[in-house]
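Report on the structure given below.
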Amino acid sequence: MLVSWNTTNQCNMFCEHCYRDAGEKAQTELNTDEARKLIDEISRAGFKIMIFSGGEPLMREDLFELGAYASSKGLRPVLGTNGTLIDSTAARKLKQAGFLAAGVSLDSLDAKKNDQFRKLDQAYEKTLAGIENLKQARLPFQIHTTVMDWNVAELEAITDFAVELGAMAHHVFFLVPTGRGANIEMEALRVKEYEQTITRLMEKQKSVPIEIKPTCAPQFVRTAEKKGIPIRFTRGCLAGISYCIISPRGHVQPCAYLEMSLGNVRETPFDEIWKNHPVLEQLRSQAYDGKCGECDFRARCGGCRARAYAYTGDFMAEDKWCLYQPSGGKDYGRRGS
């Protein structure tokens with residue numbers, strides 16, 4: 001089980017796709033004592049991996065202290081970062097604090113395109129410098145890429161670059177129109193290209209020694225199985241089942257892109273929310289509507305619950321970006337681009 005905590009809304013970038021609409025520090029973000037209490041409750045709930053993300057988590061002064069505290073509670077702290085603030089000192093402190101890995105965002109091998117998307121001059125150059133500092137500190141890292149219509153053709157090349165850099169994985173994120181991402185929804189892949197891109201990534205997995213994981217594209221589990229490609233993942237969408245997220249102000253959501261608060265950890269302990277909330281009970285029931293409910297891959301894929309909610313307002317609805325037809329015989333219709 002893994003949980004992600006958006007440590008702060010503060011960020012040195014203003015990325016076009018940001019689900020958190022990060023930039024300025026939010027008022028009433030969890031303070032150090034509240035964060036320690038949250039970590040206690042996450043540990044008590046049985047989670048194993050805790051992702052410290054943002055905004056940009058390195059803009060939080062107590063990051064190293066809290067990472068060390070999470071480690072002392074038996075959690076495995078990892079970092080989600082844009083990488084631009086990781087100098088040699090920060091990399092060394094992350095290692096000393098017990099962080100076990102970092103996910104670093106890189107969206108294009110064209111520095112100009114990457115910097116334009118990230119809204120920061122020299123973002124590409126600074127990210128690569130941060131990765132080099134992680135390597136010098138012997139802190140494992142993986143590359144995170146948000147796929148859009150303008151960079152979809154270079155995904156395999158980014159994977160090859162990740163291998164060259166020494167990354168342990170390349171995780172490719174498919175846009176869900178939430179936060180600022182709603183403003184660029186038209187740049188997202190459409191249904192046929194979405195399916196084709198998942199297939200391309202799984203085919204690429206055959207030829208590289210690192211893990212490729214499409215994220216917010218749970219159909220990759222079905223694609224890998226049908227192609228006989230071994231993967232370590234047993235399920236696609238984890239929202240509310242073995243994953244959730246906490247906002248900088250303490251609001252709990254089933255996932256980063258499913259925009260509904262299940263409660264605030266200042267008012268109700270996290271472990272109680274995780275154990276008892278009715279929305280989470282619904283998600284765990286897997287009683288989906290439409291073809292997701294009839295699908296023979298329901299238990300392994302689950303459809304993207306956040307995308308279902310974004311487009312229909314119902315988090316248990318079918319994922320309309322999926323082209324697969326369940327084997328039950330009913331024709332749900334094929335949706336084009």
Check for a donor-acceptor pair, side chain of S43 on one end and backbone N or O of I39 on the other, with a separation under 3.5 Å.
-> no

salt_bridge(E195, K192) N-O dist < 4.0 Å | no

Carboxylate-amine/guanidinium proximity below 4.0 Å for D160 and K204 = yes

Side chains of H144 and S105: do they bring a donor and an acceptor to under 3.5 Å?
-> no

State, with a plain yes or no, whether a side-chain heavy atom of Q253 is found less than 4.5 Å away from one of M260.
-> no

I229 to Q205 - nearest heavy-atom pair and separation = CG2-CG, 4.0 Å

Results of side-chain hydrogen bond (donor to acceptor under 3.5 Å, both in side chains) for E225 - residues two or more places apart only | R300

Will you find, in the side chains of S53 and S4, an N or O donor that is under 3.5 Å from an N or O acceptor?
-> yes

Specify whether F161 and Y124 have parallel, tilted or perpendicular ring planes, treating 30° as the upper limit for parallel and 60° as the lower limit for perpendicular.
-> parallel

Is the F270 ring parallel, tilted or perpendicular to the W274 ring (thresholds 30°, 60°)?
-> parallel

Report yes if the distance between the aromatic ring centroids of W321 and F174 is under 6.0 Å, otherwise no.
-> no

Contact check, side chains of R284 and I241, non-hydrogen atoms, under 4.5 Å | yes

Can T127 and N82 be counted as having a side-chain donor-acceptor contact under 3.5 angstrom?
-> no

Ring center gap for F99 and F64 short of 6.0 angstrom = no

Can you find a pair of side-chain heavy atoms, one from L175 and one from M148, that are under 4.5 Å apart?
-> yes

Any side-chain heavy atom of M50 within less than 4.5 Å of one from R76?
-> no

What is the minimum heavy-atom distance between R305 and D319, and which atoms define it?
-> NH2-N, 4.2 Å

Please name all residues satisfying side-chain hydrogen bond (donor to acceptor under 3.5 Å, both in side chains) with R138, sequence neighbours left out, ordered by chain then number.
-> none

Residues E211 and H171: side-chain donor-acceptor under 3.5 angstrom = yes

V78, M168: one ILVMFWY side-chain cluster at the under-4.5 Å cut-off?
-> no

Heavy-atom distance under 4.5 Å between the side chains of I246 and H251, does that happen here?
-> no

Between I273 and N264, what is the shortest heavy-atom contact and its length?
-> CD1-N, 4.1 Å

Let me see the working for E56 and T8 under side chain to side chain donor-acceptor pair (under 3.5 Å), right down to the final yes or no.
-> CA-CA 7 Å; E56 172 49 53; T8 180; over 6 Å; no

Do the charged groups of K113 and D115 touch, with an N to O distance under 4.0 Å?
-> no

If you take all heavy atoms of C237 and P218, which pair is closest and at what distance?
-> N-CB, 3.4 Å

Minimum-distance pair of heavy atoms, taken over all atoms of S247 and W5 | O-NE1, 3.7 Å

So with a 6.0 Å cut-off around CG of D121, is the heavy-atom count from everything else above 12?
-> no

Compare all side-chain heavy atoms of R60 with those of Q10 and state whether any distance is below 4.5 angstrom.
-> no

How would you list, by chain and number, every residue that makes a side-chain hydrogen bond (donor to acceptor under 3.5 Å, both in side chains) with D40, sequence neighbours excluded?
-> Y69

Does any N or O in the side chain of R118 come within less than 3.5 Å of the main-chain N or O of L120, such that one atom is a donor and the other an acceptor?
-> no

Check: C301 main-chain N/O paired with R222 side-chain donor or acceptor under 3.5 Å | no

Can you find a heavy atom in the side chain of Q286 that is under 4.5 Å from one in the side chain of C292?
-> no

Any side-chain heavy atom of M59 within less than 4.5 Å of one from N12?
-> yes

Any side-chain donor paired with an acceptor under 3.5 Å for Q219 and Y194?
-> yes

Residues, nucleotides or ligands: over 12 heavy atoms within 6.0 Å of R235 CZ = yes

Honestly, is K213 close enough over F233, meaning NZ or CZ under 6.0 Å from the six-membered ring centre and within 45° of the axis?
-> yes

NZ/NE/NH1/NH2 to OD/OE distance under 4.0 Å, R200 and E156 | yes

When you look at N6 and I245, which way does the side chain to side chain contact (heavy atoms under 4.5 Å, CB included) test go after all the steps?
-> CA-CA 7 Å; N6 293 147; I245 192 166; 3.5 Å; yes

Just by distance, with hydrogens left out, do S108 and N151 show a side-chain donor and acceptor under 3.5 Å apart?
-> no

Does any donor atom in the side chain of N276 or E281 lie under 3.5 Å from an acceptor atom in the other side chain?
-> no

With no hydrogens and no angle check, is any side-chain donor or acceptor of S207 less than 3.5 Å from a backbone partner on E203?
-> no

